[in-house]
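These notes concern the structure reproduced below.
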There are 2 protein chains.
Amino acid sequence: MTRGRRSTKGAPVKRPTIADVARRAGVSKGAVSYALNGQPGVSEATRQRILAVAAEIGFSRSSAARALSGSASDAIGLALCRPARTLGIEPFFMELISGVEAELSARSYALTLQVVADQDAEIAVYRRWWGERRVDGVLVCDLRTDDRRVPVLEELGLPAVVIGGPGGTGRLASVWSDDAAALVETVEYLAALGHRRIARVGGLPELLHTSIRTEAFTQVCRRLDLPDAVTVPSDYTGEEGARATRRLLSSPARPTAVIYDNDVMAIAGLSVAQEMGLAVPGDLSIVAWDDSPLCRLVHPPLTALGRDIPAYGVHAARQLLAVIGGASVGEFRDETAHLTPRGSTASPLRIG
Amino acid sequence: MTRGRRSTKGAPVKRPTIADVARRAGVSKGAVSYALNGQPGVSEATRQRILAVAAEIGFSRSSAARALSGSASDAIGLALCRPARTLGIEPFFMELISGVEAELSARSYALTLQVVADQDAEIAVYRRWWGERRVDGVLVCDLRTDDRRVPVLEELGLPAVVIGGPGGTGRLASVWSDDAAALVETVEYLAALGHRRIARVGGLPELLHTSIRTEAFTQVCRRLDLPDAVTVPSDYTGEEGARATRRLLSSPARPTAVIYDNDVMAIAGLSVAQEMGLAVPGDLSIVAWDDSPLCRLVHPPLTALGRDIPAYGVHAARQLLAVIGGASVGEFRDETAHLTPRGSTASPLRIG
DNA sequence: CTGAAAGCGCTTACAG
DNA sequence: CTGAAAGCGCTTACAG
């Protein structure tokens, strides 16, 4: 019932079709199509004339008609499975998206975004997108240990690039960063400063990269002969980061250094330390994973593990376009996060 | 040339079509379509049988075919025109998007996102989306004074809802919040505390809501007989917020209170005050616009002007769906931001 | 209530 | 190098 009204109200200007261009350029619709797709079948002079006419009347090919006649939909999908409040506060996703966009825009690809409640909902979205032929491929975030999305995507044959790993991505292409190496570098740095009791406030335990970090943390602490490498699990929110910090700092053998799995929790931890009367970095050193501008805004500025997240997004999108293009694509190892020492870390000896 | 490969590699599982459902249910394709659309033309029993078959074989209607045969594309567009670094750090957009998504998901609408470099690129994207029939409507952010996008959208007849105002939205529907009222409330509160020299670090001057706030600021200061209501323009980044704060705090008649147009600049301002040896709130009171979790993480926690941004997104999406549905929609006045006093504001008399 | 058919706007073999 | 035609998978009047 809305149809009539929609076309009346929604489209006062007539959208030109390929037939309009053909008529105006004095060629067939087929010729216009060839010209637009940069395919052989039209002379260069004709092609130019056709393109000029198309530009003149503001013609864009209907993405629906293109998709229906077998072409790609020229869109990729990204389903985000995080609660709204976490989505907003973490710069990670927006930075990733801006990188993805940079690559897609250059190729006139659209990004279809969907926020989902849980993994089942996300899988349902993939099945729907596939059935609707709405996207040519998907970017998969927040890889879990034993991720149920991977076999579904393999079964559907929906082109996909997993952002995460290494491992656990089945036959899907992936883009990953060596978190274990970054974690080791950080612990070695803190140990070199003289820290012995180092703790970590970790991200969501079900995420693969969390367990990779935890495993690396345990290993390096054992190797360096540091006592009990405690990891307190958390959920990336400031509240949980603060709570975990309070617990750590209240324990009899409180740590002299804490590594946080994201910047928001690190900032919350800094606040808690100050509220408990501990000096940072005198009494407590703090390292944040994800070096956002926030880390530089607080006092003292936070030592952080940073890397170029927009570039990560660019690489992921590029991989996905390659998979969609039919290339056989494997793992792409992105830059490893590097440590930027700032005012929040120092030797624990320098107390007071 | 990628086609053959794509179909081989990209779709090992055959996607079911409406014909498959029809065959299996023993009805015509038309009947399936009616059943799926909830339209009269099939008996209830048949409808149920058809829906069961569709679910069983995992059928979703091709969005391309639907769009081509006159239905909506079931997608709306959102073009964001901010540099990548600002996009990442401001929770606003992600919160807005999560609200928009909440409304769209409920109606199985997709969100098509595009990051653009400037207004011209954004206008080009609207023209392209319209030509491609890729989206049924758009959400317009960051309304400017004399916004060039408004007449273009009116001319195209592309359903749109402007997030911003009041005013300057032409015949387009809009959703807005009364920033002037919130600003006045804040200044009155600071004046009641005894502040006389109040300054403001503003957002991008070309945005309409910035000038609305500036105008309200000037007016209320004049009414309350406060001297020179200084607004230093800025760009929402921490760097610029810090710079503006340094300038304000170095001036001979330095303000005793500063209002920041976003939370990131307020946090940067807090840092600068501390670095310059000023106590907050003893020597300087700080108010942040946009009350994100960040405001509660810093020390002292920031007094902030907050409102429910996801809800704002919900309302905007709802309005847009109404416009797309053919309804005649006007302005929707959303909640006014309310002031939450925290530790960063106090009477200026209480110095030391 | 159901079935056969036209049509949406493209792409792409297929003849010329 | 170009034109006429089939077909993609739906929706929707139109007959029965």
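Here is the naming used below: chain letters follow the sequence lines, and residue numbers restart at 1 for every chain.
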Using a cut-off of under 3.5 Å, enumerate the N/O to N/O pairs linking the protein to nucleotides 4-6 of chain C.
none

request  = Report the distance from atom CG of L78(B) to atom CZ of F93(B), rounding to the nearest 0.5 Å.
outcome  =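 Those atoms lie 8.0 Å apart.
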request  = For F332(A), check ring-ring contact (aromatic ring centres under 6.0 Å, His included) against everything at least two apart and list the hits.
outcome  =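 H315(A).
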message = With a 4.0 Å limit, can you tell me whether R66(B) has a side-chain N or O closer than that to the phosphate oxygens OP1/OP2 of dT11(D)?
response = yes
query = Below 4.0 angstrom from OP1 or OP2 of dG9(D), is there any side-chain N or O of R15(B)?
reply =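 So the side-chain polar atoms of R15(B) never come under 4.0 Å of the phosphate oxygens OP1 or OP2 of dG9(D).
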List in chain and number order the residues that pass side-chain hydrogen bond (donor to acceptor under 3.5 Å, both in side chains) with [X], two or more places apart in sequence or in another chain; answer none if no residue qualifies.
{"X": "Y126(A)", "value": "E122(A)"}
{"X": "D308(A)", "value": "none"}
{"X": "R24(B)", "value": "E56(B)"}
{"X": "Q119(B)", "value": "none"}

request  = Give S33(B) one of three labels, base, sugar-phosphate or nothing, depending on what nucleic acid heavy atoms sit under 4.0 Å from its own.
outcome  =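 The answer is base, as S33(B) lies within the cut-off (heavy atoms under 4.0 Å) of a base atom.
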request  = Return one dot-bracket line describing DNA chain C 5' to 3' (Watson-Crick or G-U wobble pairs, both distances under 3.5 Å; ( ) same strand, [ ] crossing, | another strand, . none).
outcome  = |||.||||||||.|||
Earlier contact from the 5' end, DNA chain D, for Q39(B) and L68(B) = L68(B)
key: Counterpart residues, salt bridge (Lys or Arg N to Asp or Glu O under 4.0 Å), relative to R49(B) (two or more places apart)   =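 If we apply the salt bridge (Lys or Arg N to Asp or Glu O under 4.0 Å) test to R49(B), skipping adjacent residues, there are no hits.
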ask   = Under the salt bridge (Lys or Arg N to Asp or Glu O under 4.0 Å) rule, what pairs show up with a residue in residues 68-78 of chain A, not counting sequence neighbours?
value = R66(A)-D74(A)
